[in-house]
K.L.:
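Pasting a structure here, questions to come.
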Amino acid sequence: MNTEPAPNANEETITEGEPVVLSETSGSTETNATEVLSTNEAATQAPLPTDSTSYQSLPIEALKLDRFQGGILIAVVLVGCLVGLIVPMFFASATLDVWAWAVAGCLLLLGLVVYAAWFYPKAAHRCASWRISEHGLEIRRGVWWRHRIVIPHSRMQHSDIEQGPLQRMYSLATLVIHTAGTKNSSVQLENLKSETAEQLRDALTGGRWDMHTPPESPVTP
């Protein structure tokens, strides 16, 4: 004999997939707050998105370092060009044609060096980005020839952090990831912020991909 009370016609039937709207009573408010808290916690623990917008660019200090090194190269080449123009003065056989070729060669060499040491680093900085996802560490770089490197978590053996004297001036570091069973035994991600390199190393060592760090400027394709 069925002793269950008949449903009230004034009550709404709630299915399993429908959201529950609670009334503004004290007990319902506590339950609603608990549900909201659980939802916020789930959103906080959710993994980072894996679309192209989650790629992170290198810090602006990386561009400053590249241009600082490029400035040194420009100065060295400029001094070499000046020496190359002065040396023909000590030879009696130096004609106007020799001077013209020397000047043209120096200008051409200096122009190439200025492009490679000052303008090219900006383009390379704009094209370099990285992200950590469930697939592993993904690196994109290259101006004329684009490279996309994916290092699966299962291929990573260990990682090191290297920091040269010039990198210490700008608080930068290089993350070196040693891999197994790949073409190259190690992959370098250069000129990261020091704290970012350490946190990225810890995330990769722990097999995690939910790295929560203040991101650099997001990179879009």
Side-chain angles (χ1 to χ4, degrees), residues 43-75 114-180 182-221:
T44 303
Q45 297 175 358
L48 295 178
T50 58
D51 56 0
S52 60
T53 58
S54 64
Y55 278 96
Q56 302 299 322
S57 63
L58 297 179
I60 191 62
E61 289 80 6
L63 177 58
K64 294 179 180 179
L65 175 59
D66 290 339
R67 283 188 165 177
F68 177 77
Q69 295 173 332
I72 296 177
L73 178 60
I74 292 174
V114 168
Y115 170 77
W118 190 261
F119 295 101
Y120 182 84
K122 184 177 182 179
H125 179 268
R126 187 169 55 249
C127 295
S129 60
W130 63 273
R131 73 174 177 180
I132 179 174
S133 66
E134 74 276 12
H135 304 294
L137 179 63
E138 303 179 26
I139 304 173
R140 298 191 306 184
R141 56 192 176 197
V143 178
W144 301 108
W145 287 270
R146 301 293 178 88
H147 301 276
R148 182 174 178 267
I149 304 172
V150 180
I151 310 174
H153 291 289
S154 59
R155 300 283 185 170
M156 300 179 189
Q157 291 185 328
H158 64 280
S159 57
D160 301 325
I161 294 179
E162 298 178 354
Q163 193 176 38
L166 294 180
Q167 286 181 321
R168 287 196 295 269
M169 293 174 54
Y170 293 91
S171 299
L172 299 174
T174 298
L175 179 65
V176 183
I177 303 169
H178 300 274
T179 60
T182 57
K183 180 179 179 181
N184 299 318
S185 59
S186 63
V187 178
Q188 295 185 355
L189 182 55
E190 299 178 346
N191 294 336
L192 293 170
K193 286 185 177 180
S194 300
E195 57 272 17
T196 303
E198 293 177 0
Q199 295 178 7
L200 181 56
R201 178 195 59 187
D202 296 339
L204 294 175
T205 302
R208 297 181 290 105
W209 60 284
D210 54 345
M211 179 179 168
H212 299 288
T213 57
E216 300 293 336
S217 301
V219 175
T220 56

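The first residue of the sequence shown is numbered 1, and numbering continues consecutively from there.
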K.L.:
State, to 0.1 Å, how close Gly142 and Cys127 come at their nearest heavy-atom pair, and which atoms those are.
P.N.:
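Smallest heavy-atom distance, with atoms named: O-CB, 3.3 Å.
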K.L.:
Provide the closest heavy-atom pair for His178 versus Ser186 in the form atom of the first, atom of the second, distance.
P.N.:
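The pair with the smallest heavy-atom distance is ND1-CB, 3.8 Å.
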K.L.:
Is the backbone of Pro59 close enough, under 3.5 Å, to the side chain of His125 for a donor and an acceptor to pair up by distance?
P.N.:
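Judged by distance alone, yes, a pair lies under 3.5 Å.
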K.L.:
Give me the atom names and distance for the closest heavy-atom approach of Leu58 to Glu190.
P.N.:
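Answer, listing the atom of Leu58 first, then Glu190: CD2-O, 3.8 Å.
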K.L.:
Checking Arg201 against Ser159 for the side-chain hydrogen bond (donor to acceptor under 3.5 Å, both in side chains) test, could you report, in this order, the C-alpha distance in whole Å, the side-chain angles of both residues, the deciding distance, and whether it holds?
P.N.:
CA-CA 7 Å; Arg201 178 195 59 187; Ser159 57; 5.1 Å; no
K.L.:
Can you tell if the side chain of Met156 reaches within under 4.5 Å of the side chain of Leu137, non-hydrogen atoms only?
P.N.:
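Yes. Closest side-chain heavy atoms under 4.5 Å.
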K.L.:
Using every non-hydrogen atom in the two residues, find where Glu138 and Ser133 come nearest and quote the distance to one decimal.
P.N.:
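Minimum heavy-atom separation between Glu138 and Ser133: OE2-OG, 2.9 Å.
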K.L.:
Kindly say whether Leu172 contributes a backbone atom to a donor-acceptor pair with the side chain of Gln163 at under 3.5 angstrom?
P.N.:
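Pair found, side chain donor or acceptor close to backbone of Leu172.
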K.L.:
Please name the pair of heavy atoms, one in Tyr115 and one in Pro121, separated by the smallest distance, quoted to 0.1 Å.
P.N.:
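Tyr115 and Pro121 have their closest heavy atoms at O-CD, 4.3 Å.
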K.L.:
Regarding Arg67 and the six-membered ring of Trp118, is the cationic atom NZ or CZ under 6.0 Å from the ring centre and inside 45° of its axis?
P.N.:
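Relative to the ring axis of Trp118, which defines the angle, Arg67 lies inside both limits.
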K.L.:
Before giving the answer on side chain to side chain contact (heavy atoms under 4.5 Å, CB included), spell out for Gln167 and Leu65 the whole-Å C-alpha distance, their side-chain angles and the decisive distance to 0.1 Å.
P.N.:
CA-CA 7 Å; Gln167 286 181 321; Leu65 175 59; 3.8 Å; yes
K.L.:
Is it true that a side-chain atom of Gln56 and a backbone atom of Ser54 form a donor plus acceptor pair closer than 3.5 Å?
P.N.:
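Yes, Gln56 side chain to Ser54 backbone: donor-acceptor pair under 3.5 Å.
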K.L.:
Is a side-chain donor-acceptor pair under 3.5 Å present for Glu61 with Asn191?
P.N.:
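The criterion, which ignores hydrogens and geometry beyond distance, is not satisfied for Glu61 and Asn191.
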K.L.:
For the backbone of Tyr55 and the side chain of Ser129, can you confirm whether one donor and one acceptor N or O come within less than 3.5 Å of each other?
P.N.:
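It does not hold such a pair.
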K.L.:
Does the pair Thr174 and Leu192 meet the rule for a side chain to side chain contact (heavy atoms under 4.5 Å, CB included), with working shown?
P.N.:
CA-CA 6 Å; Thr174 298; Leu192 293 170; over 6 Å; no
K.L.:
Does the pair Tyr170 and Lys64 meet the rule for a side chain to side chain contact (heavy atoms under 4.5 Å, CB included), with working shown?
P.N.:
CA-CA 8 Å; Tyr170 293 91; Lys64 294 179 180 179; 3.8 Å; yes
K.L.:
For Gln69 and Leu166, which heavy atoms make the closest approach, and how far apart are they?
P.N.:
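Heavy atoms of Gln69 and Leu166 come nearest at NE2-CD1, 3.6 Å.
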K.L.:
Could you walk me through whether Ile177 and Asp160 pass the side chain to side chain contact (heavy atoms under 4.5 Å, CB included) test, one step at a time?
P.N.:
CA-CA 7 Å; Ile177 303 169; Asp160 301 325; over 6 Å; no
